[in-house]
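Comments concern the structure below.
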Amino acid sequence: MRFSGWRVLKEGLTGNRGWGPQWRDPEPKREYDVVIIGGGGHGLATAYYLAAEHGIINIAVLEKGYLGGGNVGRNTTIVRANYYLPGNSEFYSHSLRLWEGLEQELNYNAMMSQRGMINLFHNDGQRDAIVRRGNAIINQGDDAELLDQDAVRRLVPYLNFDNNRFPIMGGLLQRRAGTARHDAVAWGFARGADMRGVDLIQNCEVTGIDVEGGRVTGVQTARGPIRAKKVALAAAGRSSQVAALAGLTLPIESHVLQAFVTEGIKPLVDHVVTFAEGHLYISQSDKGGLVFGSYLDFYSSYAARGNLPMVEHTMETCLAMVPAISKARLLRSWGGIMDMTPDGSPIIDHSPIAGLYLNCGWCYGGFKATPGSGNAYAHLIATDRPHGAAAKFRLDRFSTGHGLMDEEGTGAQHNLH
Amino acid sequence: MRIHCPLCGARDRREFSYKGAALVRPLAAAESEAWHAYVNLRENPAGPLAELWYHEMGCGSWLQVTRDTVNHTVSEVVLARDAALGAGV
Ligand SMILES: Cc1cc2nc3c(=O)[nH]c(=O)nc-3n(C[C@H](O)[C@H](O)[C@H](O)COP(=O)(O)OP(=O)(O)OC[C@H]3O[C@@H](n4cnc5c(N)ncnc54)[C@H](O)[C@@H]3O)c2cc1C
Ligand SMILES: [Zn+2]
């Protein structure tokens, strides 16, 4: 089924009786060329690009819950390409370019909105760091504009510019950054993969990974054993547990990140705005709710909900920066489990087991990575060579110390990135 | 969440800062593989985990806290000194 304006009009006039399910609900086959563990954004995008760009269609995506029920449906939906270090820089640049053509490619409205993102700075040191980052972004071929205080005032007049502790001195604007509807991204990739023959199998937890003579041969699942020539992990916050099924220990700690949304209010926040003091990011959804978040809870956690001290901290920071919203009521808050690495950057690589591939360590930045990660991971799985834009996401950088990408400069401590 | 400091009693989680899994530190001369495991690799269990917390706004002790990472139940707290994590591997 193709979506088009004409089709929407026709269905609207005929009682919307012509819409069917957007993907099949197949029984698992006994064997596949590729089995992908995890039906989040990355797993679904990987299946899509394997089918669309590499002609591999005998694929199953095994999801223990429902498609998009993990972090892909829990994040604050910010998409950007403003990384500083080589490795991350070219990858997120590649991913943003894929985002820009994604809706046409998938024939699916992912509500991609390049509304622009402004990273504020509050002191001279931060200004220097932001100028340096801006130059790196421009060198990579992406856009960055330095704004002084007046320019920021014109764009986002509602901020607390004269906050005594954290005065807003200026910001870095990336016009191509923005937000996308997270569920729709998962659904769009799911539909695109299904249309090309990929089996999307839900309620199918992987409970074992079969390895014979150092090579992967298949998986054990809640719906029976499935043989596979290649098995690809895409389990985000559960990566350590899935890797443990194959006897692997990963350089990952799982941590909870929370997100918050207020009741719907009139349009106020037109961009994505981030504050550098206290760390906070805010945007406004199309329904009017203010969507914002802040730090990790700081201690490792598999509870898909957060702690109250971080709720309090986030509200305080939010009101320090945007006092005008003090009367908006908070509707909901929730948490998701993040796969944190010691340098804060991800892994897309072979594993020590032949035929078993790793895609993990996305920390709290993996939504914007969704198309880039799927695209690069599909390339690795299909050709056994890393994609040019993700060649530095190696697993062995932690054991050798070469090529670590610590954007925050906080050292080898999982919870500090 | 509250942590029962052996010296100060039960205190709010905000008095403490977090280091991570409580692992036995390798000897200075240990192979780099042992250091790699210590610095980077984590069992990362969904369940009980021994970890290091610092009673920053209390007595200033390092504690080894055994906490369930799924529901945050704290089952044991001892002074890190007594957990002998510096013994070397
Ligand atoms: C509150 C919050 C805010 C965030 N904000 C942003 C943001 O603004 N911008 C950004 O870029 N990123 C953001 N992120 C990070 C981003 O959401 C994640 O990095 C990314 O979604 C992870 O990849 P995924 O979509 O594949 O994960 P998931 O959607 O979590 O997919 C993994 C899937 O694997 C499944 N699975 C696990 N174990 C098994 C098993 N044994 N068998 C079968 N299936 C299994 C899970 O059920 C899950 O569906 C945020 C995250 C959170 C929680
Ligand atoms: Zn104490």
Side-chain angles (χ1 to χ4, degrees), chain A residues 235 237-244 247-256 295-313 335 337-345 347 352 360-361 395-402 404 406 410-417, chain B residues 1-5 10-26 30-58 62-77 80 85 89:
Chain A
R238 297 276 171 183
S239 294
S240 298
Q241 294 179 308
V242 177
L248 301 175
T249 306
L250 297 178
I252 284 180
E253 234 174 60
S254 292
H255 285 264
V256 159
Y295 290 113
L296 296 175
D297 279 6
F298 273 128
Y299 47 89
S300 68
S301 175
Y302 281 93
R305 60 184 161 76
N307 68 23
L308 288 173
M310 192 48 70
V311 177
E312 187 177 38
H313 168 86
I337 308 168
M338 320 284 39
D339 35 339
M340 304 297 298
T341 56
D343 69 351
S345 294
I347 299 162
C360 56
L395 175 64
D396 69 3
R397 69 180 188 269
F398 300 104
S399 56
T400 64
H402 296 301
L404 291 170
D406 181 354
T410 45
Q413 166 109 13
H414 301 70
N415 63 330
L416 292 187
H417 295 285
Chain B
M1 185 166 109
R2 293 189 141 220
I3 295 174
H4 197 105
C5 173
R11 295 297 181 91
D12 188 274
R13 159 260 177 280
R14 278 172 284 193
E15 292 190 6
F16 299 83
S17 56
Y18 182 70
K19 172 73 176 99
L23 306 170
V24 176
R25 187 169 59 229
E31 292 294 320
S32 63
E33 270 308 301
W35 278 102
H36 165 51
Y38 176 75
V39 174
N40 299 308
L41 301 182
R42 294 294 178 264
E43 293 300 324
N44 195 19
L49 171 69
E51 47 193 18
L52 287 173
W53 290 77
Y54 176 54
H55 198 182
E56 190 175 13
M57 290 190 259
W62 279 97
L63 309 175
Q64 178 178 292
V65 177
T66 306
R67 179 182 60 94
D68 191 311
T69 60
V70 177
N71 57 28
H72 308 320
T73 309
V74 175
S75 54
E76 191 191 36
V77 185
L85 298 169
V89 280

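A note on names: the letters A, B, ... follow the listed sequences, proteins ahead of strands, and every chain is numbered from 1.
In this view, Y302(A) satisfies the ring pair (Phe, Tyr, Trp, His ring centres under 6.0 Å) rule with no residue, not counting sequence neighbours. For the side-chain contact (heavy atoms from CB on, under 4.5 Å) test, residues two or more places apart in sequence or in another chain that qualify with A22(B) are A50(B), L52(B), Q64(B), L85(B).
Proximity to chain B (any heavy atom under 4.5 Å) is restricted, for L250(A), to the backbone atoms N, CA, C and O. In this structure, chain B has no heavy atom under 4.5 Å from any part of H313(A). Neither the backbone nor the side chain of D339(A) comes within less than 4.5 Å of any heavy atom in chain B. Both the backbone and the side chain of E253(A) come within less than 4.5 Å of a heavy atom in chain B.
Between the CG atom in L308(A) and the CE atom in M1(B) there is a gap of 12.5 Å [rounded to 0.5 Å]. With values rounded to the nearest 0.5 angstrom, R42(B) atom CZ is found 12.0 Å from T341(A) atom OG1.
In this structure, T249(A) and E43(B) have side chains that are in contact, with non-hydrogen atoms separated by less than 4.5 Å. R13(B) is listed as a side-chain neighbour of N307(A), based on a closest heavy-atom distance under 4.5 Å. At a threshold of 4.5 Å between non-hydrogen side-chain atoms, the residues P251(A) and L41(B) count as touching.
Comparing A244(A), A243(A), S239(A), S399(A) by how many heavy-atom pairs each has under 4.5 Å with chain B, the most go to S399(A). Of the listed residues (K19(B), E33(B), E51(B)), the one with the most heavy-atom contacts under 4.5 Å to chain A is K19(B).
Counting only distance, with no hydrogens or angles, the side chain of R67(B) and the backbone of S300(A) share a donor-acceptor pair below 3.5 Å. In this structure, N44(B) contributes its side chain and S254(A) its backbone to a donor-acceptor pair below 3.5 Å.
Considering every non-hydrogen atom in both H255(A) and Y18(B), the closest pair reads CE1-CE2, 4.1 Å.
Below 30°, between 30° and 60°, or above 60°: for Y299(A) and W53(B) the angle between ring planes is between 30° and 60°, a tilted geometry.
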